[in-house]
Amino acid sequence: MPETILAEPEHSAGDEREQRIEKLKALRAAGIDPYPARFGVRQTVEESLQAFAAVESAAGNGSTEGQVSAPNVRTAGRLMSLRVMGKASFAHLADSTGRVQLYLRQDEVGQESYDRFLKLIDIGDIVGVEGSMFRTRTGEVTVRVSEMTLLTKALRPLPEKWHGLTDVEARYRQRYLDLLTNERARNTFVLRTRVISAVRRFLDERGFLEVETPVLQPIYGGAAARPFVTFHNEMNANLYLRISDELYLKRLVIGGLDRVYEIGHDFRNEGVSTRHHPEFTMLEVYQAYADYHDMMRLTEEMYFSVAQQVLGTAHVTFSGQEIDLTPPWRRVTMRDAILEATGIDILLANDLPSLLDAIRQHGLELEVKHNWGKQVEELFDATVQSDLVQPTFVLNHPVEISPLAKRHADQPSLVERFEFFIAGQESGNAFSELNDPIDQRSRFENQGQHRSDGDEEAHPMDEDWIRALEHGMPPTGGLGVGIDRMMMVLTDTPSIREVILFPALRSKVAE
RNA sequence: GGGCCGCUAGCUCAAUGGUAGAGCAAAUGACUCUUAAUCAUUAGGUUACAGGUUCGAGUCCUGUGCGGCUCACCA
């Protein structure tokens, strides 16, 4: 059991927390439950505002204050601000649909409850109100409160009303406060949900079946990464948190589900950065009787459709760069991309010694890898990737780094694979899936060799997967898309933590 | 993991090595159309933590913790 306390020590909230606890006691003493179970039927803030707008427009634009018949509303939310002017007060109330101003007058709510409001209710408390809508002299649509009900007493104050919460660490650790006070954070995460809905809609409309496959796996695979390991007590066995969904989804294609996809979390036991997070959201799509060219079309159409649905445009800005997601996207082979950038032709320098030689001759200083394919990848990452600002498919990777992709018909050292890049970062990966079980076995055996050469990310042998393949998998196109990366591009967010509600942070140990 | 930067009141931020301050929030009072309401008064601090230098440390030095950026690895 964790003994650490994530919140700060009790004394640090200081007097204000104690004062609010005193108010809580006073409320109870007055027979008021500070945490009632329900408020009953209510309208959202948005509905309340709409109710007034409907009445006002029906009355015509010429109406002035007090002349429209004010609709009665009953709504609830968190008190976000408070302006007391003696025997009348203004406040703002917010729920997830918006915020509305409240107007309380002592002569309308009664002296007792008005005093209680002033003395025992704080900014941050959650209240329900009833009243009639009107427009103030300064033009703001407002609830003239006839009755206010405390729904939840808050014991800690909200962050500063003007600047909100800006400390990055606090925003991540106490995301609820970030969401309450920073509109940008709220918008980002609402947009995230809409993006995922749009992705589902896009795939559902094309006959794909959304499925769920194991997160805990006896053998991990489907990507090149180090896994998290956990232990199942009853089975007395190690299990791995999945690094991809791939091999299970392809089993479903073997099982006759010709179009499947899954949106879920993958886990990769690697460093955290602005572009990497150990737990991230991956979309994987498999389509029988399709190849990687079909997956390219699917990818660019999906991005375009999602952007149109969610943003209303396919033109986005990322870090000041204009990006156009409109299909078709540029397609370039990895060989041509490297050739353009460096003058090195990987098809001529087609073994490790000659490739290393070419790299030296071109004056490049790169980490030396264990095999030709890894070295090509290193060369590509160092010289091409960051320049791929506009969406670009990079095609035909070395076979050594692609143990699950089908060999290219004309170039047996390459595979039918693409990665796509937007704003200089890889956003996804796809191939014509390898369905030759004999070749699959030898690929895994080669991966075993890479592992003994020190490659901790080499793909493990998976006999159960080979057995499945031996039953026959139709020619299939597969695609993986990093949803967090997609969110970054669509929201112009340079850090992946800003698009993840609760990013991974070290626990803070309270002493 | 490396490099750079940061950590001061609940929040946002100040403070030549010389008495730790302001705004918001809070408390008390005034104010029945305010909206970053206004005005007056009050309280609030182990300056992340542990050492060191110094007559004197928020400030300089060392270490630790947490975070940000960046490089390395991956998507």
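Keep in mind that what you see is a predicted model, and the values were worked out from it rather than measured.
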Next on the checklist: Using a 6.0 Å cut-off, check whether atom CZ of Arg275(A) has over 12 heavy atoms from anything other than its own residue.
Outcome noted: no
Next on the checklist: Between Arg506(A) and G67(B), is there a contact of a side-chain N or O with OP1 or OP2 at under 4.0 Å?
Outcome noted: yes
Next on the checklist: From CD of Glu160(A) over to P of A14(B), roughly how many Å is that when rounded to an integer?
Outcome noted: 14 Å
Checklist entry - Would you call Arg451(A) and Glu456(A) a salt bridge, using N to O less than 4.0 angstrom? => result no
Checklist entry - G29(B) phosphate, OP1 or OP2: any side-chain N/O from Lys119(A) under 4.0 angstrom? => result yes
Item to check | C1' atoms of G67(B) and G52(B), separation to the nearest Å | outcome: 25 Å
Checklist entry - Under 4.0 Å: is that the gap between some side-chain N or O of Thr166(A) and OP1 or OP2 of C13(B)? => result yes
Checklist outcome for this item: In whole angstroms, the gap separating C1' of A26(B) from CG of Leu79(A) amounts to 15 Å
Next on the checklist: Tell me if the centroids of the rings in Tyr103(A) and Phe90(A) come within less than 6.0 Å of each other.
Outcome noted: yes
Checklist entry - OP1 or OP2 of C33(B) sitting under 4.0 Å from any side-chain N/O of Thr142(A)? => result no
Next on the checklist: Nearest to the Lys369(A) side chain among C73(B), A26(B), C33(B), which nucleotide is it?
Outcome noted: C73(B)
Item to check | Length of the CZ-P vector between Arg105(A) and C31(B), whole Å | outcome: 15 Å
Checklist entry - Among A27(B), U34(B), C33(B), which nucleotide sits nearest the side chain of Arg83(A)? => result U34(B)
Item to check | Nucleotide nearest Gln19(A) (side chain, heavy atoms from C-beta), chosen from C71(B), A26(B), C73(B) | outcome: A26(B)
Next on the checklist: Can you confirm whether or not the ring centre of Phe421(A) sits under 6.0 Å from the ring centre of Phe380(A)?
Outcome noted: yes
Item to check | Integer angstrom distance from the C1' of A27(B) to that of A15(B) | outcome: 27 Å
Checklist entry - What nucleotide among A26(B), G44(B), U70(B) has an atom nearest to a side-chain atom of Asp15(A)? => result G44(B)
Checklist entry - Hey, is the side chain of Arg497(A) poking within less than 4.0 Å of OP1 or OP2 on C69(B), counting only N and O atoms? => result yes
Item to check | Nucleotide nearest Pro157(A) (side chain, heavy atoms from C-beta), chosen from C11(B), G10(B), C71(B) | outcome: G10(B)
Item to check | Of all pairs that satisfy salt bridge (charged side-chain N to carboxylate O under 4.0 Å, His left out), the ones with a partner from residues 294-303 of chain A, not counting sequence neighbours | outcome: Asp294(A)-Arg297(A), Glu300(A)-Arg331(A)
Next on the checklist: On a heavy-atom basis, which atom in Gly86(A) and which in Tyr114(A) lie closest, and how many Å separate them?
Outcome noted: O-OH, 2.7 Å
Checklist entry - In terms of the nearest nucleotide of RNA chain B, which residue is placed more toward the 5' end: Val272(A) or Asp107(A)? => result Asp107(A)
Item to check | Who pairs with U47(B) - Watson-Crick or G-U, where each distance is under 3.5 Å | outcome: none
Checklist entry - Which part of the nucleic acid, if any, lies within contact of Leu177(A), taking any heavy atom under 4.0 Å across all strands shown: a base, the sugar-phosphate backbone alone, or nothing? => result nothing
Item to check | Nearest listed nucleotide, side chain of Glu457(A), among C11(B), U12(B), C73(B) | outcome: C73(B)
Item to check | base_contact_polar (U34(B) base, Glu140(A) side chain, donor-acceptor, <3.5 Å) | outcome: no
Checklist entry - Does a side-chain N or O from Lys23(A) land closer than 4.0 Å to OP1 or OP2 of A27(B), or not? => result yes
Item to check | C1' spacing across the pair U54(B) / G18(B), given as an integer number of angstrom | outcome: 12 Å
Next on the checklist: Closest approach to the side chain of Met85(A), judged atom by atom: which nucleotide of G67(B), C31(B), C69(B) is it?
Outcome noted: C31(B)
Next on the checklist: Any base atoms under 4.0 Å from Ser244(A), or only sugar-phosphate, or nothing? Heavy atoms, all strands.
Outcome noted: nothing
Checklist entry - For Arg275(A) and U70(B), what is the distance between atoms CZ and C1' respectively, to the nearest whole Å? => result 10 Å
Checklist entry - Would you say a side-chain N or O of Thr181(A) is under 4.0 Å from OP1 or OP2 of C11(B)? => result no
Checklist entry - Ser273(A) has a side chain; which of C33(B), U32(B), A72(B) sits nearest to it? => result A72(B)
Checklist entry - Is the backbone N or O of Ile500(A) less than 3.5 Å from a side-chain atom of Arg175(A), with the two atoms forming a donor-acceptor pair by type? => result yes
Item to check | Trace of the side-chain hydrogen bond (donor to acceptor under 3.5 Å, both in side chains) decision for Thr476(A) with Glu433(A) | outcome: CA-CA 5 Å; Thr476(A) 298; Glu433(A) 301 293 336; over 6 Å; no
Checklist entry - Rounding to a whole Å, what distance do you find between Asp167(A):CG and C69(B):C1'? => result 15 Å
Next on the checklist: With rounding to the nearest 0.5 angstrom, report the OG to CG distance, Ser113(A) to Leu104(A).
Outcome noted: 8.0 Å
Item to check | Pairwise C1' distance for A26(B) and G44(B), with rounding to whole Å | outcome: 9 Å
Next on the checklist: If I take atom CZ in residue Arg171(A) and atom P in nucleotide C11(B), what distance separates them, rounded to the nearest angstrom?
Outcome noted: 15 Å
Next on the checklist: Applying a 4.0 Å non-hydrogen cut-off, can you work out what Val481(A) is touching in the nucleic acid: base, sugar-phosphate, or nothing?
Outcome noted: nothing
Next on the checklist: Taking pairing as Watson-Crick or G-U wobble with both contacts under 3.5 Å, can you name the mate of C60(B), or confirm there isn't one?
Outcome noted: G52(B)
Next on the checklist: Could you tell me the Watson-Crick or G-U partner of G6(B), where both distances fall under 3.5 Å? Say none if there is no partner.
Outcome noted: C66(B)
Next on the checklist: I want to know whether His459(A) and Phe444(A) have ring centres closer than 6.0 Å.
Outcome noted: yes
Next on the checklist: Work out how far the C1' atom of A50(B) is from that of G3(B), and round it to whole angstrom.
Outcome noted: 24 Å
Next on the checklist: For a quick check of understanding: with a heavy-atom distance under 4.0 Å over all strands, which category does Tyr103(A) fall into, base, sugar-phosphate or nothing?
Outcome noted: base
Checklist outcome for this item: With the side chain defined as heavy atoms from C-beta on, His163(A) is closest, among C33(B), G67(B), U12(B), to U12(B)
Checklist entry - Passes ring pair (Phe, Tyr, Trp, His ring centres under 6.0 Å), Trp329(A) versus Tyr303(A)? Steps please. => result CA-CA 11 Å; Trp329(A) 296 354; Tyr303(A) 263 77; 5.4 Å; yes
Item to check | Span that lies between the P atom of C49(B) and that of C66(B), in whole angstrom | outcome: 15 Å
Item to check | Residue met sooner reading RNA chain B from 5', once Asp381(A) and Val168(A) are mapped to nucleotides | outcome: Val168(A)
Item to check | Interatomic distance, Glu16(A) CD vs G45(B) P [rounded to whole Å] | outcome: 14 Å
Checklist outcome for this item: Letter by letter from the 5' end, nucleotides 3-8 of chain B scores (B base, S sugar-phosphate only, - none; protein heavy atoms under 4.0 Å) ------
Next on the checklist: Under 4.0 Å, counting only non-hydrogen atoms across every strand here, what does Gly164(A) touch: a base, just sugar-phosphate, or nothing?
Outcome noted: sugar-phosphate
Item to check | Rounded P spacing from U34(B) to U46(B) in Å | outcome: 41 Å
Checklist entry - Taking the P atom of each, how far is U16(B) from G6(B), in whole Å? => result 15 Å
Next on the checklist: Using the side-chain heavy atoms of Glu378(A), tell me which of these nucleotides is nearest: C73(B), A25(B), U12(B).
Outcome noted: C73(B)
Item to check | Axial cation check for Phe134(A) ring with Arg144(A), 6.0 Å and 45° limits | outcome: yes
Checklist entry - Hey, does the side-chain of Thr136(A) have a donor or acceptor N/O within less than 3.5 Å of a partner on the base of U34(B)? => result yes
Next on the checklist: Only pairs with both distances under 3.5 Å count, Watson-Crick or wobble alike; so what is the partner of C11(B) in this structure?
Outcome noted: G23(B)
